Amino acid sequence: MYPPLESDLLRIFVTVAQAGNVTHAGERLGRTQSAVSMQVRKLEESVGAKLFARGPRGVGLTMEGQRLLPYAKRIVGLVDETTAAMRTLPLDGPVRVGIPEEYNQTILPNALAAFAQVHPGAEVTVFCGYTAQQMEALAADDLDLAVIFEWDGGISGELLAIDPTVWAVSVGHDLHLERPVPVALYRRSVWCREFAERSLERYAIPYRVAYTSDTSSGLRSAVSSGLAIAPLARSNIPVGARELTLAEGFPQVDSSRVVLKRNPRRGGPTIDGMADLVRKSFAPLAAATDQAFG
């Protein structure tokens, strides 16, 4: 019978697997290469299998290593989550946060639910709306925090990530080759006129408005169904769709900055805690942006 696996050994295993190099993993962990190698061997003895195979550029996972990796990630993540929860002082009081619909089903829902669980005394109210609505709510003192899009330098705030708007098309349809090309746009939107439509006109692409909606989910549906192409945040392109590139004749619509805007009239530990959670939630998107442009 094998002994129980130690979470510290699993953390080292995950770090080496992600780094693909024992030396680099040691740098991330603050340990020497020999110490990391020793811990890896100890884990291999515990599971009774070889987890890494040496290659010309570092190490790669064996079949058993690949089998262990998803379990190790879950365990390490749960340990980190538990540690954070136990070291976090419970917060209480109301906090009202606005989020764009683009992130209502991706980046923020789980984070907001986790915040409510860790801080059961906090009264979390979420408002889902587009940028103009959230700015109005901030001005009316109806929100404490707002995650908004800024595309023309007119809104100050903390930059969370850059999530460009691009033209998206269903992979099963070649609508972008039609002339005029059918497009889906937001209804009564100044942004669509100033950015989306103008980007097509600037490149002399004839188009017709085939679909209008007040929500990004409506635009995603139009793309997924093959009814039209649509301007979507790059991170919000649905499964079964892809970005149209400049090589295909379609320019990027804008370079939207995702900004956290605070209500200057409101503050306190609960609002600060929510702001920190929002900041951490967008960290993977910010990192992906840095990697793409770095």
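This structure is a prediction, so every number in the text was calculated from the model and none was measured.
Atoms CD1 and OG, on Ile162 and Ser235 in that order, are 12.5 Å from each other to the nearest 0.5 Å. For the atom pair CG (Leu61) and CD (Gln66), the distance works out to 6.0 Å, reported to the nearest 0.5 Å. To the nearest 0.5 Å, atom CG of residue Asn263 and atom CG of residue Asp141 are 5.0 Å apart.
One side chain, Glu101 or Ser217, offers a donor N or O that lies under 3.5 Å from an acceptor on the other. Inspection of the Arg11 and Thr15 side chains reveals no N or O donor paired with an N or O acceptor under 3.5 Å. No hydrogens or angles considered: nothing links the side chains of Ser256 and Asp163 as a donor-acceptor pair under 3.5 Å.
For the pair Pro231 and Leu185, the minimum side-chain heavy-atom distance is below 4.5 Å. Proximity of Leu246 to Gln252: side-chain heavy atoms (C-beta onward) are nowhere separated by under 4.5 Å. Looking only at side-chain heavy atoms (C-beta outward), Arg220 and Thr215 stay at 4.5 Å or farther from each other.
Using a 4.0 Å cut-off between charged side-chain N and carboxylate O, Arg265 and Asp144 make no salt bridge. Salt bridge Lys42/Glu6: present, at least one basic N to carboxylate O contact under 4.0 Å. Between Arg41 and Glu45 there is no salt bridge, since no side-chain nitrogen of the basic residue lies less than 4.0 Å from a carboxylate oxygen of the acidic one. Here Glu64 pairs with Arg67 in a salt bridge; the nearest charged N to carboxylate O distance falls below 4.0 Å. With salt bridges taken as basic N to acidic carboxylate O contacts below 4.0 Å, none links Arg234 and Glu102. The pair Arg202-Glu197 does not count as a salt bridge, with every side-chain nitrogen at least 4.0 angstrom from each carboxylate oxygen.
Under the 30°/60° scheme for interplanar angles, the aromatic rings of Phe195 and Trp191 are found to lie parallel.
The side chain to side chain contact (heavy atoms under 4.5 Å, CB included) test applied to Ala168 returns Val223, Leu232, Ile237, not counting sequence neighbours.
Side-chain rings of Tyr211 and Tyr186 stay apart, their centers remaining 6.0 Å or farther from each other. If you look at Phe13 and Phe52, their ring centroids are closer than 6.0 Å. Taking the six-membered ring for Trp and the full ring otherwise, Phe149 and Tyr130 have centroids separated by 6.0 Å or more.
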Full working for side chain to side chain contact (heavy atoms under 4.5 Å, CB included) between Arg266 and Ile271: CA-CA 8 Å; Arg266 302 289 174 178; Ile271 295 174; 3.9 Å; yes

